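Quick note: residue numbers are just sequence positions, from 1. These figures come from a predicted structure and were not determined experimentally.
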Amino acid sequence: MFPSVSKYNYMNLEMKLSTTAYKSAHVSFGEEEDIRKMQEMIEASDILVSNIKVRKEAESPYQNNVYFRDPLNGAYVNVGLSYENLDRLQEVFGENALKTDGKNILLKGRAEEFVSSWYADITYKRGYLREDINQDGFLDRAERMSTHSFNTMQRQFYGGTKNKDVNLGNVSTYIKHSQMMPGNSNLSTSLMEKYTSHSIEEELNKMITIDQKANGSIRLNQLGSKQEYAQYLDEIIHTQKQEIDSIATEEDLKEYLLKELLKKTKEFLKKQLKKSGMEHKSIEADASLEEVMDKIVESPQSTKELLEKIQTQATENEDPIFTQIQKLTKLDKQTLKNNLENNPDFEEDIIAIVQGIAQNVDRKYASNTLERALDIKA
């Protein structure tokens, strides 16, 4: 654990923490529906009801049924909101903000627009819907870290990294965890709890609670204290300095850059395998990139089966992995399909592409300075 007092003097941290971390979408609805009429239309299947899973459980832990419209398609979304949040909505937007019929609650007017705007920010802009790979309403650790929920600040030391005075530059918001921090597990856990939730419903309740002014804007200092953010910056600097100190020579630099490339390629491969359900018996989803390439080389029959499966899926329903391979190989769709069907050496062509990328990285960065490499990494 890191000490409670920061190791560095972040000279303009307080000012930077006034930066907006999240900004909800602008939403404006027209004619309002009466809740009884809406319920009748739902039962008669005459009204569009959202099929997006906002939680995994069948029943909400908040024990109520709240309806509002999705600003993207007008479909009615059903979520549970805490009683505290419901009381706040009435307090801020007036008694007519909620219309109740038994256990069903319909949001109206500005209250509906307010909640719907945060729903759109979470579901679409941060990517909770996109990153919920199996669409079960529950985001696991990897899925939460892939949402665009995080933020970071540029850092500049006065007089080198041994000096404790640090000037903070531009703030980047709506970024993935991987763009912010090179993988400190303790930090990752604490940040996930601060910046993400397991479900759309849980995060929506969090945003309504934090947005005390109900103006659709949440600043960094509303998500955590100055001391907490200083400790977070300490950990980033500590982790990055460890990586920097391990790069002593030009060869180390080349190895480091290639390692980063392989890491990102492996992450892409695992994600595509998971999305398409192609966890092949000889190419496991959790295999390293090197292991995958070895399998391709040593088992041409398995590779042929895998490529045939890709081709079949691509022909039938334009599978996303086919599109990704098309982008990586820069082949037009018909040429790629012909290769998958008729070219027995196509797996060797793929290997050549990966090797070519590695060689290009060597040539591009061999003469670069350490400072340049760190700029790219940031």
- Would you say Ser116's side chain and Arg69's backbone share a donor-acceptor pair under 3.5 angstrom? yes
- Message: Determine whether a donor-acceptor pair (N or O, by modelled atom type, separation under 3.5 Å) exists between the side chain of Asn64 and the backbone of Tyr62.
- Response: yes
- Counting distance only, does the side-chain N/O of Asn12 pair as donor-acceptor with the main-chain N or O of Leu168 below 3.5 Å? yes
- Would you check if the side chain of Asp211 reaches a backbone N or O of Gly216 as a donor-acceptor pair within less than 3.5 Å? yes
- Could you give the distance from CG (Asn205) to CG (Leu86), rounded to the nearest 0.5 Å? 8.5 Å
- Task: Would you confirm whether Glu131, through its side chain, and Gly127, through its main-chain N or O, come within 3.5 Å as a donor-acceptor pair?
- Result: no
- Query: Taking atom CD of Gln179 and atom NE2 of His148, what is their separation to the nearest 0.5 Å?
  - Reply: 6.5 Å
- Query: Parallel, tilted or perpendicular for Tyr119 and Phe68, by the 30°/60° rule?
  - Reply: perpendicular
- Message: Run the salt bridge (Lys or Arg N to Asp or Glu O under 4.0 Å) test against Asp121 and tell me which residues pass, sequence neighbours left out.
- Response: Arg126
- Item | Main-chain N/O of Ser217 paired with Arg219 side-chain donor or acceptor, under 3.5 Å | no
- Message: What I want to find out is whether Lys206 reaches Glu203 closely enough, with some N-O distance under 4.0 Å, to be called a salt bridge.
- Response: yes
- Carboxylate-amine/guanidinium proximity below 4.0 Å for Arg144 and Glu193: yes
- Item | Minimum-distance pair of heavy atoms, taken over all atoms of Ser199 and Val54 | CB-O, 3.3 Å
- Has the side chain of Gln135 got a donor or acceptor atom that lies under 3.5 Å from a matching backbone atom of Leu129? yes
- Message: For the residue pair Asn151 / Tyr22, report whether a side-chain donor-acceptor contact shorter than 3.5 Å exists.
- Response: no
- Query: Using 30° and 60° as the class limits, which term best fits the ring planes of Tyr232 and Tyr229: parallel, tilted or perpendicular?
  - Reply: perpendicular
- Message: Can you list everything that forms a salt bridge (Lys or Arg N to Asp or Glu O under 4.0 Å) with Arg55? Sequence neighbours excluded, please.
- Response: Glu201
- Message: Strictly distance-based, threshold 3.5 Å: is any side-chain N or O of Asp132 a donor or acceptor partner for the main-chain N or O of Gly137?
- Response: yes
